[in-house]
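What follows is one structure encoded as structure tokens, with my remarks underneath.
Throughout, protein chains are lettered first and strands after them, A, B, ... in sequence-line order, and every chain is numbered starting at 1. Values in this document were obtained by computation on a predicted structure and should not be read as measured data.
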Protein chains: 2
Amino acid sequence: MQKELNLSKNQKIIFDLIDKSGGPMKAYSILFNVQKKGIKAPLQVYRALDKLVEIGKIHKIESRNAFIACQNSSCQVSKATAFSICESCENVSEISNSKLSKYLSNFSDDSGMKYSKYNLEFFGLCKKCKSK
Amino acid sequence: MQKELNLSKNQKIIFDLIDKSGGPMKAYSILFNVQKKGIKAPLQVYRALDKLVEIGKIHKIESRNAFIACQNSSCQVSKATAFSICESCENVSEISNSKLSKYLSNFSDDSGMKYSKYNLEFFGLCKKCKSK
DNA sequence: AACGTTATGTAATAATATAACATTTATAAG
DNA sequence: CTTATAAATGTTATATTATTACATAACGTT
Ligand SMILES: [Zn+2]
Ligand SMILES: [Zn+2]
Ligand SMILES: [Zn+2]
Ligand SMILES: [Zn+2]
């Protein structure tokens with residue numbers, strides 16, 4: 001919330017669009033929607049997206065090549081993300097479950113590798129879609 | 001292992017290539033490598049990849065747009081996958097940790113959504129890269 | 001003002017993936 | 001063995017996603 005002030009012009013335009021959409025948006029759909037505001041090229045969009053991801057204002061849904069506003073106000077830096085994705089309506093929401101994040105942040109296996117980041121995507125049918 | 005017999009010609013060529021590579025491979029790199037075997041078009045590669053993913057012989061590393069042979073012999077169907085990815089050398093390995101998979105397979109949050117599938121990607125530096 | 005850093009603009013192109021359609025091969029039933 | 005059905009293949013074109021390269025402008029600090 002507090003970081004919004006630091007956003008540059010393009011970053012703000014693009015963040016506001018994604019945030020207001022309430023769901024995941026794809027880069028070229030973003031591009032289409034901001035052309036009236038003077039953002040004309042893919043690279044302008046991708047640069048803003050990169051920065052917004054870096055500072056944790058948005059996250060990339062890797063399996064969908066889409067970007068969603070962070071729904072977890074405490075998520076300043078994107079290094080531990082989890083999402084639930086409906087395979088029917090493509091609704092996505094960010095999971096904020098402290099037990100889960102604690103479990104995954106502390107996870108280590110026998111490889112001796114220390115993990116600094118993770119991304120988890122759960123798939124299934126949302127309530128609405130299940131009841132159809 | 002036992003399912004290899006059922007693979008079609010293209011599926012077998014492509015699976016063997018990925019499997020032998022020992023790491024993740026990208027679709028167009030696969031295409032380049034199998035052109036001498038008569039597979040000439042991207043679609044031929046993607047169709048085989050789709051099928052191989054579907055039957056769990058390979059998995060897609062979503063954050064890398066790459067495909068890796070299943071390293072877990074019991075993983076017949078890809079519905080619960082976890083990987084460790086080195087952000088320096090891009091080495092990828094499949095994590096098979098029964099506690100982790102049990103935890104995630106049984107995970108449920110307050111959304112009331114029942115998850116049938118998940119994919120988890122951990123990032124960090126592997127041993128080799130850490131010691132540099 | 002001068003400097004280094006971050007952001008922007010623009011054009012071209014690379015990399016990833018799918019649509020559409022025709023044909024062939026495998027599997028199984030009758 | 002023939003017919004039906006599903007699965008796989010071949011081929012061309014195209015859609016979608018993302019980056020390279022280079023020039024310019026704005027910002028923050030001293
Ligand atoms: Zn978040
Ligand atoms: Zn749904
Ligand atoms: Zn596997
Ligand atoms: Zn490494």
Side-chain angles (χ1 to χ4, degrees), chain A residues 3-18 21 23-68 77-78 87 90 92 119 121, chain B residues 3-18 21 23-68 77-78 87 90 92 119 121:
Chain A
K3 268 217 167 168
E4 185 132 4
L5 300 169
N6 301 339
L7 297 181
S8 74
K9 177 173 139 274
N10 288 0
Q11 289 159 15
K12 188 157 175 14
I13 290 169
I14 287 173
F15 174 72
D16 286 347
L17 175 67
I18 300 173
S21 86
M25 290 193 76
K26 311 199 111 198
Y28 278 72
S29 152
I30 292 167
L31 176 57
F32 178 79
N33 279 277
V34 296
Q35 277 178 332
K36 44 184 171 284
K37 302 216 172 181
I39 295 176
K40 291 169 187 162
L43 188 49
Q44 294 175 289
V45 172
Y46 281 106
R47 281 197 285 225
L49 290 173
D50 285 351
K51 185 68 182 188
L52 291 167
V53 166
E54 187 190 321
I55 64 179
K57 297 283 296 180
I58 65 172
H59 305 300
K60 183 171 187 182
I61 310 300
E62 295 286 359
S63 66
R64 299 299 187 261
N65 296 321
F67 300 85
I68 192 168
V77 176
S78 309
E87 290 185 296
E90 293 295 327
V92 173
N119 178 57
E121 299 181 3
Chain B
K3 268 216 166 168
E4 185 131 4
L5 299 170
N6 301 338
L7 297 181
S8 74
K9 179 173 138 271
N10 288 1
Q11 289 158 16
K12 186 156 176 20
I13 290 170
I14 287 174
F15 174 72
D16 286 346
L17 175 67
I18 299 173
S21 87
M25 289 193 76
K26 310 198 113 201
Y28 278 71
S29 151
I30 292 168
L31 176 57
F32 177 79
N33 278 277
V34 297
Q35 276 177 332
K36 45 183 169 286
K37 302 216 172 180
I39 296 176
K40 292 170 187 162
L43 190 48
Q44 294 175 290
V45 173
Y46 281 105
R47 282 196 285 224
L49 290 173
D50 284 351
K51 185 68 183 188
L52 291 167
V53 166
E54 186 192 321
I55 65 179
K57 298 284 295 180
I58 65 173
H59 305 300
K60 184 172 187 180
I61 311 299
E62 295 286 357
S63 67
R64 299 299 188 261
N65 295 321
F67 300 85
I68 192 169
V77 175
S78 309
E87 290 185 296
E90 294 294 328
V92 173
N119 178 56
E121 298 180 4

Whichever of P42(B) and L43(A) has its nearest DNA chain D nucleotide further upstream toward 5':
P42(B)
Side-chain touch L17(A)/M25(A), heavy atoms, less than 4.5 angstrom
yes
Taking atom P of dT8(C) as reference, at what distance in whole Å does atom CG of D50(A) sit?
12 Å
Could you check how far CD of E62(A) sits from C1' of dA18(D), rounded to whole Å?
13 Å
Measure the distance from CD on Q35(A) to C1' on dG9(C) and round it to the nearest whole Å.
14 Å
Expressed in angstrom and rounded to an integer, what is the separation of L31(B) atom CG from dT9(D) atom P?
15 Å
Quick one: is dT16(D) close enough that its OP1 or OP2 comes under 4.0 Å of any side-chain N or O from K26(A)?
no
Answer yes or no: does a side-chain N or O of K60(B) lie under 4.0 Å from OP1 or OP2 of dA17(C)?
yes
Sub-4.5 Å side-chain heavy-atom contact between I14(A) and I58(A):
no
Nearest whole Å is fine: how far is dT17(D) P from Y46(B) OH?
13 Å
Establish, with yes or no, whether the OP1 or OP2 oxygen of dA26(D) is under 4.0 angstrom from a side-chain nitrogen or oxygen of S8(A).
no
Would you indicate, yes or no, if dG10(D) has its OP1 or OP2 atom less than 4.0 angstrom from a side-chain nitrogen or oxygen of N10(B)?
yes
Calculate the interatomic distance between R64(A) atom CZ and dA17(C) atom C1'; express it in whole Å.
15 Å
Closest nucleotide of DNA chain C for N65(B) versus for K9(A): which of these residues is on the 5' side?
K9(A)
Does the side chain of K40(B) reach to within under 4.5 Å of the side chain of L31(B), using non-hydrogen atoms?
no
Of Y28(A) and Q44(A), whose nearest nucleotide on DNA chain C comes first from the 5' end?
Q44(A)
Is I39(A) close to I30(A) at the side-chain level, that is, under 4.5 Å between some pair of heavy atoms?
no
Expressed as a whole number of angstroms, how long is the span from R47(A):CZ to dC22(D):P?
14 Å
CG of L49(A) versus P of dA18(D): gap in Å, rounded?
9 Å
OP1 or OP2 of dA8(D) versus the side-chain N and O atoms of K51(B): is any pair under 4.0 Å?
yes
Is the shortest side-chain heavy-atom distance between K51(B) and I55(B) below 4.5 Å?
yes
